[in-house]
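To start, the structure itself, in structure tokens.
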Amino acid sequence: MDGKGKKQLAPRDNGAPDYRKYLHPAMERNYGRWKYHRDIRPGVFVHESESGESLYTVRAGSPRMMSAPLLRRACDIADKFCQGKLRFTSRNNIEFQLEKEEDIQPLIDEIGRVLGFPVGGTGHSFHNIIHTQGWLHCNLPGTDAAGVVKSLMDAFYEEFTHENFPQRVKVSTSCCTINCGGQTDIAINLQHHHPPVIDHNNTKLCELPKVISICPVLAIRPDRLDGRNTVEVIEEKCMYCGACHAQCPALEIRDGETDTLSIWVGGKSASTRGGPSFMKLATWGLPNNPPRWPEVADAVRRILKAYQAGANPYERVGEWIERIGWKNFFAETGFEFTKYHIDSYRWARTTFNTSAHVRL
Amino acid sequence: MDGKGKKQLAPRDNGAPDYRKYLHPAMERNYGRWKYHRDIRPGVFVHESESGESLYTVRAGSPRMMSAPLLRRACDIADKFCQGKLRFTSRNNIEFQLEKEEDIQPLIDEIGRVLGFPVGGTGHSFHNIIHTQGWLHCNLPGTDAAGVVKSLMDAFYEEFTHENFPQRVKVSTSCCTINCGGQTDIAINLQHHHPPVIDHNNTKLCELPKVISICPVLAIRPDRLDGRNTVEVIEEKCMYCGACHAQCPALEIRDGETDTLSIWVGGKSASTRGGPSFMKLATWGLPNNPPRWPEVADAVRRILKAYQAGANPYERVGEWIERIGWKNFFAETGFEFTKYHIDSYRWARTTFNTSAHVRL
Amino acid sequence: MPDDDLKLPLLDQLEEGPWPSFVKDLKEQAKRRPQVGQLLKQLEQSYEDHWDYWRGTAINVPGYGGGVIARYSDLGERFPQVAQFHTIRVIEPPGFVYSTDALRQLCDLSEDYGAGIMQLHGMTGDILMLGYDNEKLMEVSEALMEKGWDLGGSGNGMRTIPCCIGPARCEMACYDTLKLTKYLTDKYIGYLHRPEFPYKYKFKLSGCGNDCANSVSRSDMPVIGTWRDDIQIDQEAVAQFVKENGPDWAVRNVTSRCPTHCIHLSGDRIEIDNRNCVRCMHCINVMHLALAPGRDRGVTMLIGGKRTVRSGEMLASVLVPFQKLESDRDYEEFSAIVERIWDFWGEHGNEHERVGEFIDRIGLGAFLDGAGIVPDPQMVTNPRSNPYIKFEEYAAPRLEGEPHKTANVLEHEPDREEDFEGK
Amino acid sequence: MPDDDLKLPLLDQLEEGPWPSFVKDLKEQAKRRPQVGQLLKQLEQSYEDHWDYWRGTAINVPGYGGGVIARYSDLGERFPQVAQFHTIRVIEPPGFVYSTDALRQLCDLSEDYGAGIMQLHGMTGDILMLGYDNEKLMEVSEALMEKGWDLGGSGNGMRTIPCCIGPARCEMACYDTLKLTKYLTDKYIGYLHRPEFPYKYKFKLSGCGNDCANSVSRSDMPVIGTWRDDIQIDQEAVAQFVKENGPDWAVRNVTSRCPTHCIHLSGDRIEIDNRNCVRCMHCINVMHLALAPGRDRGVTMLIGGKRTVRSGEMLASVLVPFQKLESDRDYEEFSAIVERIWDFWGEHGNEHERVGEFIDRIGLGAFLDGAGIVPDPQMVTNPRSNPYIKFEEYAAPRLEGEPHKTANVLEHEPDREEDFEGK
Ligand code: SRM
Ligand code: SRM
Ligand code: SRM
Ligand code: SRM
Ligand code: SF4
Ligand code: SF4
Ligand code: SF4
Ligand code: SF4
Ligand code: SF4
Ligand code: SF4
Ligand code: SF4
Ligand code: SF4
């Protein structure tokens, strides 16, 4: 495990790169002095500074996973148009910045030609989907992430390149119940359906006390088998959360045959209006169906259509649903409301309708 | 224990009295046909029927606990004015009903003269306080109930006989942490401050498994002392709820020296507007101070004053507080916000402010 | 022996002030019934010591499992007349309506056998008659029953049912609260008199969402009147209202307070998107000369309310969004729901576990399954936000070939420690 | 050996469609870096089998406790080039800003030592560089550090900090998010590189309540810009806005959406009751030419957000309603709060217990005590509704003369079963 580098490695503790060196010159000059912004067209907006300067931003959708050559081509564009600077957004888009309005169209053309990336994902559009590792790199996934996202972004390409929703639509995917993906307007997550199966020969790999103590419902207890220490899972208590699996691979929670996808709606981080909110179960039991997961795009489309038709301007997905009521949400999407939609976990009671408020 | 009645008692299962015999004749005639009502003056309103008939109601505040002679005098009044019918409200008031408007004043005069009861407690007034048994009859109380209520109603007599609030104000009291009293706009409740003290000689009185299983936080466990079965209380777990005391008097939770009163605000049963809501801790540590509990009336008055000054029409106490924010509630009442106001029980997390919403 | 000259330094202070004084009244009564004097003396002692002097145990009238709250004085030697001082709970007439004859009858019985003091009414709705010793208790019960009265509830059974005045004197009433109170009381009187549930079960009936019976916060099964067609609007009266109060006032205090923003004032007309109306009553309350509940009426049934002890406060939540309550058939359907719940909770509830606590333990989804009630999005303010779901659809034998068992109350029963854990 | 003719029946379908295809790009890269071809082949196998073929264990660069996600292929025999296929997390430049030089440098390093594929950026904010074997991992780390880059966080320590673009390109920014990101990263780089907390600790920094860094839902300590004076209003721009959109539109979409109804349109002027403004940003967002945050700016610190695992979703909640963040002294005050929390949680947190879970276990009140933070009503949406409080003020020796102990984290520690019980 010893590196073969020239010197013995030692902590350098360099810390964070000095962002000041990397700022677009106009950003540097007008740092903290921005007055307002305006939307120019989908994917393009301008910020105006107190100094009178304008800074145009062109946002291009990226697949996040990129090869060095592809990234170098993005650098070429930035060198040509953006004084050698570019930035990424928290949703994996690339932002190219311009000082001159007339560069916008040439830049967009260049992005399309050189990178093949669409320009959009701003304002009231379907934003780029954030996602996690999936089968490409993680050791826990029950599904892929990049593939689901590619399939969805193909399906909602028009929605990405236009701003036709009442408000921004943010989507995320995750590939196991740990959910590294974001709490967003719409989320596509994996659902397990069985307690973990224990590979008793493998439990030596892990620290038993750790795996026992990680279970939130105390479903794992020590056991002995063939004279060796192992664990057992109390099936009735286990709620298939997969925390133990993340701790110890010998507790296998996944099942290629039965794992499904579920869709969640109404998550929000922004403190705008009513504030942040959790996303809630919309529908479940969608097949884990690579390479194109068509059922997922269908379900998402149902939500988007109802949202587009019914929401008031500026209402996020969750706000729209709260206003029309979940009864109408289910009616308008055609999803079925089941007993599984009713919370049964720790704060379940606080989700009950404790009033005589009913829509009849 | 055998009754000395003439015959052996046997279940008669009579069920509920036939209310039809007891309805005021105008109620009977217009049953289900009421069109609307109007307020005439504090304590008096009229209901109009589709038939064109009017029914005047005069509401008199009662202390709930009444002697037979006093009740007979109320009957005399009903015989004289109300065709031999009267009713009680869910808040212990007596309602006298009239068909003729001109009888109102004579009736009110008679109520005052014969019963000494005030007329009021309707509409946007300070309604009659509902309460529990207290030292008069229960075996669990840490304070009295009737006495607290008498003291408060004396203090808020003007508020009962006038309608000067933005909305109805409903108040309740309870005499132990079981809280037989109502969930209301303002509540005065008892607070214990120690785990139960066990009278080990007395535990034979109760069923030990029952008292062990009643504790919501599993703080009671079986113990043996001097060769006999008893229980012990794990002090760190116990949260002084008193459930065990209700099950078994050998676990004494009360303490005449340290028990205090606390005040809760914002409870509501009505589904009006935002719907029912819990009442929340406003202030604590008020001395349990018979016979007049002056500190309680002072604290209630602080709330009422701020409410009267700040609430919009139709806002219940809790709605007003929600609108102005708890920060301002504490500022305007002068109560101190402490760490004890922060929930630490089962659904604590759901009471946290999970947003960047702050009033600065 | 009547005690004409009670000196009670502390309680005497409660004779002062404008509000009617129970001390004054009881002192009067002490002249007729000596036990009332001793009651006051014991109370004075409590005021002095900050301490209570009552002990309770169970006393039952034969054939009844409840209805009596037994009290023995710790100071029985000093105050022998209240050494036994029990309360009888008597079922009130629905709507708390009385003829003076009926009330006088109670007064007489109360004085003939006991202290002649009553509380009208207890927090649950009973007529509370105080002050009987062991012997008189049996006698007064017999006498009450002879005259058609009946004992109220206590213990682990159905409790006495209170209701709002409803159609008898309220224009908001969406069903006959008094009739349902009598129907349920009579039909289930055995469950009231011979308690056999895991714990108490309270109904409270309100004719509309104003909930004048406090049902949501204080009963296991609130029944609240509602409607499923449109709010009735008298536009002329609306115009009149707008004229009197001004449009600004109407917007500020009526339409803008609608929880779903489904009501609008346009000019001097009210427009309502009834699909989004949640029957909160606010607009009807304020504009009650112009608006009224719809005509296709029924009830919303809720479940699981209670006050503090053990669980902290619990408000009831929606169980059946709409149930008609007009024909006999409607009443039978209603009862069938009640009985399914009692069967399921009765069989699987732990001792001392209110139905709301039972739901917390097993989960509302499992409860609906067990009680045979169809899940409805209106039961929740929102669906779950966590993925910890055990779908039966995917369950298959897995662990060492054993048959798969889904989340089930039976599994939870013996395992007390789980009560406060997640599921 | 480059694999020029990859046939991947399933993945090939992801080359189609208008959205940029990672498969197409990786296939290209496979021509330059053979491990990328094997990566795709293994992925194809996963697509076929619905199964993952990676295993993880820990590999550390000497002197660092984190920053590497080690991956071994279960199909290593078939795909030897990805038998070891680790990811390095590299701290991103605050605000995700790059010079093309810097980005090219990363591209070069990535190809020189590994597969030449990167993810920009990981969900936590790191630059993710994929595809190093055990040996190259050490070399590329060394090379990165030589050039001034640094490894990102993993394991039980402080994590790499992301922030929104803030003052660099946003008119809403109420503090310097980029500066604070660098300040915290550099100051606490030891906590990032040599993890010693009970569990991970994530900061996320947003310049205002729009929370473009998703801090509330995805970090243990969100830091969100705010202000404490009045919203800046340009009434001329308001008038212009009203002229363009109409007053009705303005009311329907701006003022009536204010969560506390503290903003009003009167004529063509905006009036705000700033005492009731909760800095939700909505009116400013919509009328951004006319309204702007106040001038006396700072941050709100929150605590305890995380996503699903174990606890279900947790949103962070208010810890410090307002903290200035301008002078060095302000930064020190800010750090002192952070450190008090780390000390307290560090000492008393259980292993694998996020700070939000820790708060759930011991109670927010006890946490504030332990971390030395003054309780504030803004921390909660409402005070408690249950009376289960242990006031220290009244604690006195009671049980068998033992000293009274109040609710205390130390008592809870050894008692795992209590984690999910009430307190
Ligand atoms: C008399 C009354 C208070 C009053 O002065 O009005 C009362 C008095 C007692 N209640 Fe109550 N409760 C009374 C209404 C209530 C209410 C209010 C209601 O029904 O609307 C509640 C809250 C609602 C609820 O049911 O949760 C209430 C919640 C309790 C509880 C807590 C039950 C729980 O699960 O939360 C107990 C304790 C218990 O059952 O173990 C209790 C227990 C008691 C006992 C029986 C105490 C005991 O265990 O010995 C009290 C007898 C006092 C006495 O000497 O008569 N009482 N009790 C009320 C009944 C009168 C009546 O029958 O009309
Ligand atoms: C008589 C009574 C029903 C009964 O069967 O006994 C009753 C009668 C009426 N109530 Fe009530 N309410 C009665 C207890 C209640 C309660 C329960 C309580 O007081 O403990 C509530 C629920 C309180 C809560 O939410 O905690 C209650 C919440 C209302 C409301 C809803 C107020 C709100 O906006 O939240 C209305 C509607 C209104 O105010 O217009 C209402 C309206 C009315 C009206 C106007 C209904 C009508 O059209 O006839 C009645 C005249 C009331 C008045 O006082 O001006 N009544 N009302 C009860 C009188 C109690 C008393 O003596 O003070
Ligand atoms: C790479 C990344 C997903 C991605 O594709 O972007 C990721 C990948 C992993 N996460 Fe994550 N998490 C990543 C961001 C997140 C986020 C989002 C965030 O930070 O904003 C979350 C939710 C927020 C939170 O912290 O709760 C997240 C919540 C978890 C958890 C659950 C922690 C919890 O207490 O809830 C685990 C499991 C654990 O720590 O035991 C986990 C564990 C993992 C592990 C280390 C799985 C494991 O135990 O081996 C994954 C390594 C995958 C790999 O092969 O690289 N990851 N993880 C993200 C980190 C990239 C970066 O450094 O920039
Ligand atoms: C570039 C970026 C910040 C960064 O540091 O990278 C950014 C930039 C802006 N955001 Fe954002 N937001 C960015 C991610 C977010 C996120 C996080 C996310 O997407 O995961 C959120 C929180 C989402 C949530 O609540 O779950 C976010 C919630 C907002 C909002 C609040 C929307 C709302 O009403 O709820 C605004 C305000 C608005 O829409 O006017 C906003 C407004 C803006 C403005 C208009 C701010 C400004 O004046 O410059 C920027 C232009 C945005 C546009 O897309 O039209 N931005 N914004 C992020 C771009 C992501 C992307 O590529 O799509
Ligand atoms: S969501 Fe699960 S499988 Fe996906 S990257 Fe995160 S830990 Fe790995
Ligand atoms: S899957 Fe979750 S609940 Fe089941 S045993 Fe593992 S940790 Fe426990
Ligand atoms: S609140 Fe407590 S003390 Fe008072 S009547 Fe109810 S049980 Fe008895
Ligand atoms: S007072 Fe409550 S918490 Fe304490 S031992 Fe008794 S039942 Fe348990
Ligand atoms: S609950 Fe409704 S129907 Fe019953 S009295 Fe109150 S307002 Fe009237
Ligand atoms: S009853 Fe309530 S919800 Fe329905 S329209 Fe009126 S105010 Fe709105
Ligand atoms: S969080 Fe606020 S300051 Fe930061 S980029 Fe978003 S809008 Fe601008
Ligand atoms: S920022 Fe939000 S809370 Fe403040 S005035 Fe604007 S809309 Fe209202």
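For clarity, every value in this text was computed on a predicted model and none was experimentally measured. Numbers restart at 1 for each chain; the letters A, B, ... are given by sequence-line order, proteins then strands.
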Tell me whether [X] contacts the main-chain N or O of [Y] through its side chain, where contact means a donor paired with an acceptor under 3.5 Å.
X      : Y      : answer
D/Q378 : B/R359 : yes
B/D255 : B/T258 : yes
D/R279 : D/T226 : no
D/K202 : D/I161 : no

For B/L140 and B/Q133, what are the C-alpha separation, side-chain angles and deciding distance, and is it a side chain to side chain contact (heavy atoms under 4.5 Å, CB included)?
CA-CA 9 Å; B/L140 306 171; B/Q133 292 295 327; over 6 Å; no
Do you know which of [options] has the most heavy-atom pairs under 4.5 Å to chain B?
options                        : value
D/H261, D/R275, D/M314         : D/R275
D/P377, D/P387, D/C280, D/C208 : D/P377
D/S206, D/S385, D/P259, D/G305 : D/S385
D/L364, D/D273, D/T260         : D/L364

Does anything in residues 209-223 of chain D reach chain B? List residues with heavy atoms under 4.5 Å apart, or say none.
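At a heavy-atom separation under 4.5 Å, chain B is reached by D/V216.
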Measure distances from B/E322 to the heavy atoms of chain D and classify the residue's part below 4.5 Å as side chain, backbone, both or neither.
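The side chain, not the backbone.
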Name the region of D/C277, side chain, backbone, both or neither, that has any atom closer than 4.5 Å to a heavy atom of chain B.
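Only the backbone of D/C277 comes within 4.5 Å of chain B.
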Toward chain B, the part of D/I224 with a non-hydrogen atom under 4.5 Å
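The side chain, not the backbone.
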Could you tell me how the ring of B/Y240 sits relative to the ring of B/H194: parallel (under 30°), tilted (30 to 60°) or perpendicular (over 60°)?
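Rings of B/Y240 and B/H194: tilted, 30 to 60°.
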Quick check for you: among [options], which has the greatest number of heavy-atom pairs under 4.5 Å with chain D?
options                        : value
B/W264, B/Y340, B/W347, B/W326 : B/Y340
B/C238, B/S262, B/A282         : B/C238
B/H341, B/R349, B/K327         : B/R349
B/L190, B/T260, B/V358, B/T338 : B/V358
B/G318, B/C241, B/G325         : B/C241
B/L281, B/N179, B/T351         : B/T351

Listed partners of B/E319 passing salt bridge (Lys or Arg N to Asp or Glu O under 4.0 Å), at least two apart:
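Testing B/E319 for salt bridge (Lys or Arg N to Asp or Glu O under 4.0 Å), a comparison that skips the adjacent residues, returns B/R273.
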To check you understand the geometry: which heavy-atom pair defines the closest contact between B/P141 and B/R254, and what is its length?
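Where B/P141 meets B/R254 most closely, the heavy atoms are O-NH1, 2.9 Å.
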Under the side chain to side chain donor-acceptor pair (under 3.5 Å) test against B/D185, which residue among B/R316, B/K170, B/K268 passes?
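Running side chain to side chain donor-acceptor pair (under 3.5 Å) over B/R316, B/K170, B/K268 with B/D185 returns exactly one hit, B/R316.
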Do D/Y199 and D/E357 have a side chain donor and acceptor closer than 3.5 Å?
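No, no side-chain donor-acceptor pair sits under 3.5 Å.
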Can you find a side-chain donor-acceptor pair between B/T230 and B/H200 that sits under 3.5 Å?
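On atom types as modelled, these side chains qualify, holding a pair under 3.5 Å.
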Give a yes or no on whether D/R340 atom CZ has more than 12 heavy-atom contacts from other residues, nucleotides or ligands under 6.0 Å away.
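Correct, the count exceeds 12.
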